[in-house]
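We use all heavy atoms of the structure for the numbers below, so side chains are in, but hydrogens, waters and symmetry mates are not. Being a predicted model, the structure only gives us computed values, none of them experimental.
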Amino acid sequence: MKKLVAAVILLLLSLIYVVARVTQKALYLDRFSVNAENPVCFHWNTISINTGFIKEDPGSVYYIWVTPVYIAVLLALLLTIMAVVKRK
């Protein structure tokens, strides 16, 4: 039962992480030292936010690394499977 609770908590924390990072109203871009709006694009390993500050400039894109979310979901799935399948 403890493994199942830990799995649910990991899933909730990963969801909160993604929502908190994507819904920021202003983003700080190191290269330009400005705040920009938030157009979001999802990729398999990152969520990229193209600020459009300078057209065709990769420095105006803000990246969020999504691998920690994948790891948390994988651990949650493993804990759920371990909670359901009892070892003898």
Side-chain angles (χ1 to χ4, degrees):
M1 189 65 169
K2 291 179 184 178
K3 293 176 187 173
L4 195 56
V5 171
V8 170
I9 290 171
L10 277 173
L11 285 173
L12 288 174
L13 288 176
S14 64
L15 179 65
I16 290 168
Y17 169 78
V18 170
V19 170
R21 294 298 304 257
V22 171
T23 58
Q24 292 178 359
K25 293 193 182 234
L27 304 173
Y28 180 75
L29 300 173
D30 295 343
R31 187 167 170 191
F32 303 111
S33 299
V34 297
N35 289 324
E37 298 211 7
N38 190 356
V40 177
C41 181
F42 293 94
H43 301 286
W44 74 274
N45 195 30
T46 60
I47 298 172
S48 63
I49 303 168
N50 187 354
T51 62
F53 189 69
I54 296 177
K55 300 288 183 191
E56 303 298 325
D57 186 11
S60 65
V61 178
Y62 181 77
Y63 293 99
I64 300 170
W65 190 42
V66 188
T67 303
V69 175
Y70 293 150
I71 292 170
V73 169
L74 180 63
L75 287 174
L77 289 173
L78 288 173
L79 289 172
T80 303
I81 291 170
M82 288 172 61
V84 172
V85 177
K86 296 181 181 178
R87 294 186 182 201
K88 294 181 181 180

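Between atom OG1 of residue T80 and atom CG of residue L75 there is a gap of 10.5 Å, rounded to the nearest 0.5 Å.
Among T46, V18, I47, V69, the single residue meeting the side-chain contact (heavy atoms from CB on, under 4.5 Å) criterion with I64 is I47.
Put simply, the side chain of V73 does not reach to within 4.5 Å of the side chain of L10, judged on heavy atoms.
Of all heavy-atom pairs between W65 and Y17, the closest is O-OH, 3.4 Å.
By the rule that hydrophobic residues join a cluster once side-chain heavy atoms approach within less than 4.5 Å of another member, I71 and M82 end up as members of separate clusters. Linking Ile, Leu, Val, Met, Phe, Trp and Tyr residues whenever their side-chain heavy atoms come within less than 4.5 Å leaves Y70 and L74 in two separate clusters.
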